[in-house]
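Before any comments, here is the structure.
When a residue number appears, it is its place in the shown sequence, counting from 1. In listed order, ligands and their atoms are each counted from 1.
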Amino acid sequence: MIGLIEGAGVAIVGAALAQAGVGLAGTLQRRARQARQEQADAKLFERRATALLRAAEAERAKKELSWTGLRKFTIERKVMEANDICSFYLKPHDHKPLPPFRPGQYLTFQLRIPDQPKPVVRCYSLSDGPVNLDRYRVTIKRLPPPRDKPEAPPGLSSSYFHQSLQEGDIVDVRAPNGHFYLDESTDKPVVLIGGGVGLTPMLSMLNTICETGSGRETWFFYGVRHGGEHAFKEHLQQIDRNHPNVHVVACYSEPREEDRKGVDYEAEGHVSVDLMKQMLGAPNYEFYICGPPPMMKIITEGLEDWGVPESAINYEAFGPATVKKKPHPQPAQQAEAQAADDGVEVEFARSGKKVTWRPDDGAILDLAEANGVSLDFGCRAGNCGTCVTAVKEGDVTYLSEPGVPPEQGSCLSCIAVPKSRVVLDA
Ligand SMILES: NC(=O)C1=CN([C@@H]2O[C@H](COP(=O)(O)OP(=O)(O)OC[C@H]3O[C@@H](n4cnc5c(N)ncnc54)[C@H](OP(=O)(O)O)[C@@H]3O)[C@@H](O)[C@H]2O)C=CC1
């Protein structure tokens, strides 16, 4: 009996110990989880605090070091990155420090090109991060004639950069500018999308994410035709290898025989929203896009259809066919929109031309060019002010917010559209 009781006692104590053991293990596991969570929170807090400090310091340095008007820069180095794509490393000729910029911003150049009656203004994205700032870098593709118009001249300023400007030459440059830049105040997962030389601002963002040690989940989808056009290949593959939070996906639309899938590139075809759906699963990312206009249009629309809110889609467009987001007119704007659909008269007074504008014609600058009226332009994004044109009659509205609003009675023709009949001094 005693033996039985003793046996039962041992069993009870054993069970109690086992239970205590389970309880202890559970407690230890909970504590370990808690400690890991606290560690992760502390890391996140540290990263955010560092990012905020860096942003405040950058803002201070920018105010102190930025310049107005033109500043002289020496082309220190020219580096070919792929067929027809060249990087230009620019050192300030005055040897003074450079202001930081936001990853995604661009420089505006005022070029004195022989045989051109006026200085030519062009904007090129900075292609490196703003972390080690002893020089700026822009990467420029020598623009060939359009594929469907081989007889047209190649890009004026990109040819000048590639063929005429040499190491040691001096160029006039305005301070970094632009509204398209990476939001560094958040840790939200981000998707960068680049096409062709449109990879330049994305590279600036990607380098910043890596150089600042941000642990932010980052995807970079970019498309080129083949290995011959694959600029920064080794650099991007190295980033993909060395940063577990960063995933780089290269797509070739026309791979050559020697291009190896899985080695040189990851996917065949265009960068597409379908590919992103496969690889990302869900659309809860911040998206940044820069590339050829048809790519920007199709991807922007695809992302909206996938449920990405408009506020999470950021894009850069230099060039005539900017992305036109789906309009959501207020009732009061319906009549105006309808009138615009029916056509609005635009008169270029000095050229003696009257033409009808419809929404598909794009900005007034695009309309002018399509009708043989020559207007000056620079950034084609409403920032540099080169395209300012006097409005003699009527009123305009803008496709995107002007960087610097023009004087009363003038408009930025590169992003302006007529509200009603307008007469322009052009
Ligand atoms: N900061 C900025 O705003 C900058 C903007 N850019 C812009 O980037 C553009 C890049 O030009 P470029 O290098 O000549 O580009 P490419 O014409 O070489 O095109 C690059 C890649 O994009 C592909 N592509 C074409 N259409 C689509 C589409 N609908 N969807 C997905 N992919 C597509 C092309 O495929 P395919 O073989 O079918 O042609 C090609 O693989 C320029 O138009 C310029 O305006 C460039 C630099 C800076």
> Looking only at heavy atoms, is any part of T200 under 4.0 Å from ligand 1, and if so is it the side chain, the backbone, or both, or is it neither?
Replying inline: side chain
>> Out of P292, P294, P144, who is nearest to atom 15 (O) of ligand 1 when you count heavy atoms only?
In response: P292
>> Does this structure show an ion pair linking K188 with D183, if we count only N-O contacts that are shorter than 4.0 Å?
In response: no
>> Taking 4.0 angstrom as the limit and counting only heavy atoms of V271, give me the atoms of ligand 1 inside it, by number and element.
In response: 31 (C)
> Among C379, A381, C290, G198, which one has a heavy atom closest to atom 4 (C) of ligand 1?
Replying inline: C290
> Are R60 and E64 close enough for a salt bridge, meaning some N to O gap below 4.0 Å?
Replying inline: yes
> Taking 4.0 angstrom as the limit, do E81 and K141 come out as a salt bridge?
Replying inline: no
> Ion pair present between D172 and R71, side-chain N to carboxylate O less than 4.0 angstrom?
Replying inline: no
>> Please compare H270, E229, K297 and report which has the shortest non-hydrogen distance to atom 33 (C) of ligand 1.
In response: H270
>> Nearest non-hydrogen contact with atom 47 (C) of ligand 1 belongs to which option: T139, V197, L126, N83?
In response: V197
> Under 6.0 Å between the ring centres of Y265 and Y252?
Replying inline: yes
> Considering only heavy atoms of K141, which atoms of ligand 1 have at least one such atom less than 4.0 Å away?
Replying inline: 12 (P), 13 (O), 14 (O), 18 (O)
>> Less than 4.0 angstrom from a charged side-chain N to a carboxylate O is my criterion; do E347 and K353 meet it?
In response: no
> For ligand 1, which atoms have a heavy atom of S125 less than 4.0 angstrom away?
Replying inline: 1 (N), 2 (C), 48 (C)
> Is the count of non-hydrogen atoms from other residues, nucleotides or ligands lying under 6.0 Å from Q408 atom CD greater than 12?
Replying inline: no
> Considering only heavy atoms of V224, which atoms of ligand 1 have at least one such atom less than 4.0 Å away?
Replying inline: 41 (O)
> At a 4.0 Å threshold, what atoms of ligand 1 neighbour a non-hydrogen atom of G291?
Replying inline: 7 (C), 8 (O), 9 (C)
>> Is C251 close enough to touch ligand 1? Criterion: a residue heavy atom under 4.0 Å from a ligand atom.
In response: no
>> With heavy-atom distances below 4.0 Å as the criterion, list the atoms of ligand 1 near I298.
In response: 29 (N), 30 (N)
>> Using a strict threshold of under 4.0 Å (side-chain N to carboxylate O), is an ion pair present between E369 and R380?
In response: yes
>> Looking at E167 and K78, is any side-chain nitrogen of the basic one under 4.0 Å from a carboxylate oxygen of the acidic one?
In response: no
> Which atoms of ligand 1 are found less than 4.0 Å from any heavy atom of G223?
Replying inline: 20 (C), 21 (C)
> Can you list the ligand 1 atoms lying under 4.0 Å from a non-hydrogen atom of G195?
Replying inline: 10 (C), 20 (C)
>> For P293, which part has a heavy atom under 4.0 Å from ligand 1: side chain, backbone, both, or neither?
In response: side chain
>> Could you measure the distance from the CZ atom of F377 to the CZ atom of R122? Nearest 0.5 Å is fine.
In response: 4.0 Å
